[in-house]
K.L.:
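The structure is given below, and queries will be raised subsequently.
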Amino acid sequence: MCSIIGYCGAVADSEMFRKGFDRTLSRGPDDTRILPVGKGLLGFHRLSIMGLHPEGMQPFTLHGNALVCNGEIYGFQRFRRELEGEYTFVSQSDCEVLLPLYEKYGVGMFAMLDAEFACILYDAGTDSFLAARDPIGIRPLYYGYDPRGTIVFASEPKNLVGVVEKILPFPPGHYYQDGKFIPYCDIAAVDEICRDDLETVCANIRTKLEAGVKKRLVADAKVGFLLSGGLDSSLVCAIAARESENPIRTFAIGMSEDAIDLKYARQAAEHIGSDHTEVIISREDVLAALEPVVELLATFDITTIRASIGMYLVCKYIHENTDIRVLLTGEISDELFGYKYTDFAPSAQAFQEEAQKRIRQLHMYDVLRADRCISVNSLEARVPFGDLDFVKYVMAVDPERKLNRYGKGKYLLRRAFEGDYLPHDILWREKAAFSDAVGHSMVDHLKAYAQTEYTDEEFAQKREQYRHARPFTKESLLYRELFEKYYPGQGQMIVDFWMPNKAWEGCDVDDPSARVLANYGDSGK
């Protein structure tokens with residue numbers, strides 16, 4: 001990961017600006033540069049992944065234009081070949097293609113990119129700033145207006161605390177120009193339902209996910225893999241192992257007493273022949289990590305915080321004990337193929353609408369979790385299930401096929417990889433939520449700790465001060481108060497709590513864990 005910032009006018013408070021930008025030094029510990037452009041500034045903290053030499057340092061400049069980008073541009077070599085007669089490249093950085101592409105295609109270039117990216121661009125010809133974000137929001141970008149009304153963009157909310165009055169997420173699939181946020185790609189929209197037969201659908205799912213993994217293995221820095229033992233991360237690792245000449249390095253984390261997934265992760269690692277590491281954590285580790293995790297996430301969402309503690313701690317281990325710089329993860333599969341609660345979807349249309357909602361809000365939940373837990377440890381996240389071609393195809397598949405009519409969730413994905421990719425017990429095992437899979441006791445410890453923080457009277461009184469996303473349990477109140485400590489008055493950054501669809505029969509629950517659902521069954525075994 002890297003960290004970017006763009007102050008699109010005269011800086012109101014230089015000291016506060018620099019202090020805010022330096023809060024994300026861990027995203028880019030290799031080098032820092034702040035460049036005056038027009039009346040404003042562009043800043044960049046670098047984590048070297050592609051093009052490790054100094055020439056790959058940003059901001060890039062061209063004919064007075066300037067750009068900073070936190071991203072990976074897949075297939076950038078094709079753009080380089082196209083532009084070679086018009087532009088002389090000075091680095092091996094994938095992001096160097098963006099300025100010459102902008103000069104050639106203008107804002108039309110954003111829709112051309114196969115990328116996970118957030119960028120800020122200064123156009124010298126119009127003396128104006130632009131910004132854009134990838135269609136899923138895998139790379140973070142936030143914005144706000146300083147007391148003078150000048151817009152400021154930055155990678156994380158913590159960059160903007162004290163700099164702007166109200167912090168908001170930059171909408172994915174949009175670009176900003178002349179004061180407006182303009183959509184260029186709604187990744188969740190479906191123009192035409194795909195009516196392929198079952199075998200064709202599964203073959204395409206396999207081919208497209210394999211391509212998504214393969215392109216994300218390209219890096220000048222070392223690559224590792226998070227392996228929970230669940231279906232999604234296991235598939236990513238199995239595909240990568242087939243594509244790699246040497247054994248891949250995999251990492252799993254679990255509580256010392258009741259980790260559900262460690263044994264499955266070990267089984268998957270043995271099957272694919274990976275160099276596997278287990279990280280074991282305790283109650284004390286979990287509680288000690290809680291406040292730092294809320295600060296780095298900038299959220300009060302229960303699911304996100306629970307699931308982030310294990311991810312943060314395993315990434316911390318990787319950062320402190322290895323020379324890996326890039327991690328592949330299994331996020332975004334659930335939103336496409338279904339959660340445990342989507343088994344209760346009353347119709348195919350309802351399933352599709354729920355999937356569209358979740359994809360459009362991913363940048364506030366699972367994608368946010370992966371980005372922050374990994375980047376705060378000076379690592380880069382890559383998300384193969386977020387491959388744009390893969391997402392577009394799966395979203396277009398007839399939702400009647402995605403309903404759980406087979407007695408097994410995510411049937412299409414499982415069937416697509418039948419064979420020797422994974423052991424049968426992993427390919428067809430029931431899903432356990434990541435926070436639960438680290439160990440049921442982890443969530444139990446968090447809930448028990450929250451119970452000791454408030455009496456019933458204190459909880460009833462304190463929750464009333466929040467009108468937006470009002471806390472509904474002592475655990476959610478604890479998280480909200482920790483959030484407000486670091487991001488006072490900024491709760492609007494998160495639209496609401498991630499919860500099952502309460503309007504569906506069987507889903508009106510008071511806890512986001514799938515553990516409380518009637519169909520959880522063997523997921524916890």
Side-chain angles (χ1 to χ4, degrees), residues 1-9 11-27 40-43 45 68 70 118-120 129-134 137-176 179-181 291-301 304-305 308 360-365 367-369 371-373 375-376 465-471 479-498:
M1 297 298 187
C2 299
S3 180
I4 62 176
I5 197 165
Y7 210 116
C8 305
V11 178
D13 186 330
S14 298
E15 183 178 350
M16 188 66 73
F17 166 81
R18 186 61 195 241
K19 181 180 178 181
F21 188 37
D22 285 351
R23 291 190 185 113
T24 51
L25 270 168
S26 62
R27 291 187 72 94
L41 298 169
L42 291 179
H45 293 315
V68 288
N70 169 28
C119 70
I120 310 164
F129 287 84
L130 296 84
R133 192 177 185 188
D134 69 72
I138 292 175
R139 295 304 170 93
L141 194 62
Y142 290 79
Y143 74 96
Y145 299 88
D146 78 359
R148 299 174 181 173
T150 300
I151 194 167
V152 188
F153 301 104
S155 288
E156 292 192 29
K158 65 178 65 171
N159 299 129
L160 299 177
V161 172
V163 177
V164 304
E165 296 176 354
K166 184 178 181 181
I167 305 169
L168 290 169
F170 193 105
H174 286 65
Y175 64 86
Y176 169 89
K180 298 178 181 178
F181 292 89
E291 185 165 339
V293 163
V294 174
E295 181 190 7
L296 70 91
L297 290 173
T299 188
F300 50 78
D301 178 61
T304 306
I305 292 168
S308 292
R360 289 173 180 142
Q361 294 182 354
L362 256 173
H363 64 103
M364 291 181 280
Y365 302 106
V367 162
L368 180 151
R369 165 172 59 86
D371 174 84
R372 302 302 194 281
C373 293
S375 67
V376 77
Q465 66 184 295
Y466 301 108
R467 294 185 178 182
H468 171 70
R470 178 168 288 162
Y479 298 164
R480 185 59 176 268
E481 291 198 327
L482 289 173
F483 171 87
E484 294 291 337
K485 177 178 177 180
Y486 295 99
Y487 306 95
Q490 300 295 341
Q492 73 285 335
M493 289 191 296
I494 306 297
V495 67
D496 205 347
F497 295 104
W498 191 108

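Quick caveat, the model's predicted, so the values are computed rather than measured.
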K.L.:
Search all heavy atoms of Val495 against all heavy atoms of Tyr365 and return the closest pair with its distance.
P.N.:
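Shortest heavy-atom separation between Val495 and Tyr365 comes out as CG1-OH, 3.3 Å.
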K.L.:
When rounded to the nearest 0.5 angstrom, what distance separates CG in Asp371 from CD1 in Ile138?
P.N.:
10.0 Å
K.L.:
Please name the pair of heavy atoms, one in Phe153 and one in Ile120, separated by the smallest distance, quoted to 0.1 Å.
P.N.:
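So the minimum-distance heavy-atom pair works out to CB-CD1, 3.7 Å.
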K.L.:
Ignoring hydrogens and geometry, is there a side-chain-to-backbone donor-acceptor pair from Tyr7 to Ala12 under 3.5 Å?
P.N.:
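Checked: pair present.
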K.L.:
Please tell me whether Phe497 and Phe300 form a close aromatic pair, meaning their ring centres lie under 6.0 Å apart.
P.N.:
yes
K.L.:
Less than 3.5 Å apart, any donor N or O on the side chain of Tyr486 or Glu291 sitting next to an acceptor on the other?
P.N.:
yes
K.L.:
Any idea which heavy atoms bring Leu168 and Gln492 closest together, and the distance?
P.N.:
CD2-CG, 3.6 Å
K.L.:
Roughly how far, to the nearest 0.5 Å, is the NE2 atom of His174 from the CG atom of Asp134?
P.N.:
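One finds 13.0 Å between CG of Asp134 and NE2 of His174.
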K.L.:
Taking Lys485 first and then Glu481, would you say they form a salt bridge - that is, a charged N and a carboxylate O separated by under 4.0 Å?
P.N.:
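Answer for the salt bridge query: no.
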K.L.:
Quick check: closest heavy atoms across Leu296 and Cys373, and the distance to 0.1 Å?
P.N.:
CD1-N, 3.9 Å
K.L.:
Any Lys/Arg nitrogen of Asp13 or Arg148 sitting under 4.0 Å from an Asp/Glu carboxylate oxygen of the other?
P.N.:
no
K.L.:
So, taking the atom named CD in Glu156 and the one named OG in Ser26, what distance separates them when rounded to the nearest 0.5 Å?
P.N.:
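Answer rounded to 0.5 Å: 7.0 Å.
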K.L.:
Can you tell me if Arg18 uses its side chain to pair, donor with acceptor, with the backbone of Ser14 under 3.5 Å?
P.N.:
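No, Arg18 side chain to Ser14 backbone: no donor-acceptor pair under 3.5 Å.
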K.L.:
Checking Gln490 side chain against Val161 main chain: does a donor-acceptor pair fall under 3.5 Å?
P.N.:
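Such a contact is absent between Gln490 side chain and Val161 backbone.
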K.L.:
Keeping the roles fixed (side chain from Asp496, backbone from Ala469), state whether a donor-acceptor pair exists under 3.5 Å.
P.N.:
no
K.L.:
Under 6.0 Å between the ring centres of Tyr176 and Tyr143?
P.N.:
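So the answer is no for these two rings.
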K.L.:
Quick one: does Asn70's side chain have a donor or acceptor within less than 3.5 Å of a partner on Ser155's backbone?
P.N.:
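No, because the side chain of Asn70 does not come within donor-acceptor range (under 3.5 Å) of the backbone of Ser155.
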K.L.:
Quick one: does Phe129's side chain get under 4.5 Å of Ile151's, heavy atoms only?
P.N.:
no
K.L.:
Under 3.5 Å, side chain of Thr150 to main-chain N/O of Asp146, donor-acceptor pair present?
P.N.:
no
K.L.:
Would you check if the side chain of Asn159 reaches a backbone N or O of Gly20 as a donor-acceptor pair within less than 3.5 Å?
P.N.:
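Judged by distance alone, yes, a pair lies under 3.5 Å.
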K.L.:
Taking atom CG of Asp301 and atom CZ of Arg480, what is their separation to the nearest 0.5 Å?
P.N.:
11.0 Å
K.L.:
Charged N to carboxylate O below 4.0 Å: is that the case for Lys158 and Glu295?
P.N.:
no
K.L.:
Are the aromatic ring centres of Phe170 and Phe181 under 6.0 angstrom apart?
P.N.:
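So the answer is yes for these two rings.
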K.L.:
Examine distances only and state if a side-chain atom of His45 and a backbone atom of Phe21 form a donor-acceptor pair shorter than 3.5 Å.
P.N.:
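Flag set: sc His45 to bb Phe21 pair under 3.5 Å.
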K.L.:
Do any N or O atoms from the side chain of Arg133 and from the backbone of Pro172 form a donor-acceptor pair under 3.5 angstrom?
P.N.:
no
K.L.:
Could you tell me whether the side chains of Ser375 and Arg27 share a donor-acceptor contact shorter than 3.5 Å?
P.N.:
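Checked: Ser375/Arg27 side chains pair up, N/O donor to acceptor below 3.5 Å.
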K.L.:
Between the main-chain N or O of Ile494 and the side-chain N or O of His468, is there a donor-acceptor pair closer than 3.5 Å?
P.N.:
yes
